[in-house]
Amino acid sequence: VSIVIGNFSALRQTSARRLIAYSSVAHAGYMLLALPLTMDASSGTSTLQLGSLWFYVVGYAIATAGALTAIASLSGKEDQGDQLHGLAGQGRAQPFNGLMLTVFIASFAGVPPTVGFLGKFLVFGDLVAKGYVIVAIVGMLMAVVGAAYYFKLLVTVWSANKPAAPTGTQTLARWSLALAAVAVVILIVWPNALTRHGVSTVSAAVSIR
């Protein structure tokens, strides 16, 4: 329900921040998909493995912080770019900020080689391994719906409309965006570091009576 409501609500948004907000509702649903228990019939227990959830949360947090920072930079001091029509052509006027936003939105959409792609892959892979094939298929279909409004946002940002004059970006914001973008891509190289940490720190065994 969270995935469906979040994705279809985001499709209707004309505000970039509200679009990201509703997409976060959908992403919360994807995170919940990582919670099904692994049953062990021989011992009569069920184990909650949160490695994929931990990886998803870390990647999503970095991408969200970066996307909101990039949108704020593209919007300018008067925040006119919060509406999609205000963002039209801003990628051409501010290519650095536009490129950074593109990286973060690609991660939201699950486009390789970003952390968002691997996060969804791990979640859906766990679902299939645990026998929740139908749930995994529905989640994948909803991911396609999410890609539609992300694509709409990027098309608007990189449109050929006459862009406004660049507003400039503070040095701290540029470094923050660059480091976040690198993290979104490079974390896909060693996912085991995060997934092992998630399992070792938050795994739990629940007795089934």
Side-chain angles (χ1 to χ4, degrees), residues 6-28 30 55-121 142-189 191:
N7 277 328
F8 283 101
S9 297
L11 279 172
R12 304 172 52 192
Q13 300 308 309
T14 58
S15 163
R17 287 188 179 87
R18 285 202 302 270
L19 186 151
I20 298 298
Y22 276 110
S23 79
S24 71
V25 176
H27 283 286
Y30 291 120
F55 186 84
Y56 198 108
V57 168
V58 171
Y60 176 71
I62 295 173
T64 300
L68 292 176
T69 302
I71 289 174
S73 299
L74 291 169
S75 298
K77 293 182 179 180
E78 301 300 325
D79 207 24
Q80 297 178 351
D82 180 58
Q83 297 296 315
L84 292 183
H85 63 77
L87 284 173
Q90 284 302 306
R92 294 171 180 267
Q94 306 179 60
F96 175 80
N97 292 327
L99 177 60
M100 295 299 98
L101 180 62
T102 301
V103 172
F104 301 129
I105 293 300
S107 184
F108 285 157
V111 177
T114 63
V115 69
F117 163 75
L118 186 55
K120 283 187 172 66
F121 179 83
M142 288 298 99
V144 174
V145 174
Y149 57 79
Y150 292 134
F151 181 71
K152 178 180 70 173
L153 174 59
L154 291 182
V155 167
T156 301
V157 169
W158 292 103
S159 66
N161 293 357
K162 183 179 180 181
T167 57
T169 306
Q170 295 182 354
T171 302
L172 179 59
R174 292 177 68 89
W175 274 104
S176 299
L177 287 170
L179 290 174
V182 169
V184 163
V185 175
I186 203 171
L187 279 176
I188 199 173
V189 177

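In this chain, numbering begins with 1 at the start of the sequence shown.
The structure places CE of Met142 at 12.5 Å from NZ of Lys120, a figure rounded to the nearest 0.5 Å. Taking CZ of Phe96 as the reference point, atom CG of Leu74 lies at 10.5 Å (rounded to 0.5 Å). Distance CG/Leu153 to CG/Leu101: 5.5 Å, rounded to 0.5 Å. To the nearest 0.5 Å, the span separating OG1 on Thr156 from NE2 on His85 amounts to 10.5 Å.
Annotation: side chain to side chain contact (heavy atoms under 4.5 Å, CB included) contacts of Tyr60 (sequence neighbours excluded): Ser24, His27, Met31, Tyr56, Thr64, Phe108. Listed by chain and residue number, Leu172 satisfy the side chain to side chain contact (heavy atoms under 4.5 Å, CB included) test with Ser176 (two or more places apart in sequence, or in another chain). Residues that satisfy the side chain to side chain contact (heavy atoms under 4.5 Å, CB included) test with Phe151, not counting sequence neighbours, are Val155. Under the side chain to side chain contact (heavy atoms under 4.5 Å, CB included) criterion, Val185 pairs with Val103, sequence neighbours left out.
Closest approach of Met100 and Ala181 over heavy atoms only: SD-CB, 3.7 Å. The two residues Ser23 and Tyr149 make their nearest non-hydrogen contact at CB-OH, 3.4 Å. Contact record, Gly146 with Asn7: CA-OD1, 3.6 Å, taken as the closest heavy-atom pair. Contact record, Trp158 with Gly98: CZ2-C, 3.3 Å, taken as the closest heavy-atom pair. Minimum interatomic distance between Val115 and Gly59 (heavy atoms only, all atoms of both residues): CG1-CA, 3.7 Å. For the residue pair Asn97 and Ser73, the shortest heavy atom distance occurs at ND2-CB, 3.6 Å.
Between the side chain of Tyr22 and the backbone N or O of Arg12 there is no donor-acceptor pair closer than 3.5 Å. Judged by distance alone, the side chain of Thr14 and the main-chain N or O of Leu84 form no donor-acceptor pair under 3.5 Å.
Taking the side chain as every heavy atom from C-beta outward, Ser75 and Arg17 approach each other to under 4.5 Å.
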What verdict does the side-chain contact (heavy atoms from CB on, under 4.5 Å) test give for Thr69 and Phe104, after you've listed the backbone C-alpha separation in whole Å, the side-chain angles of each residue and the deciding distance to 0.1 Å?
CA-CA 10 Å; Thr69 302; Phe104 301 129; over 6 Å; no

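With Ile105 as the partner, the side-chain contact (heavy atoms from CB on, under 4.5 Å) test is satisfied by one option alone out of Ile71, Leu154, Thr114, Val157: Leu154.
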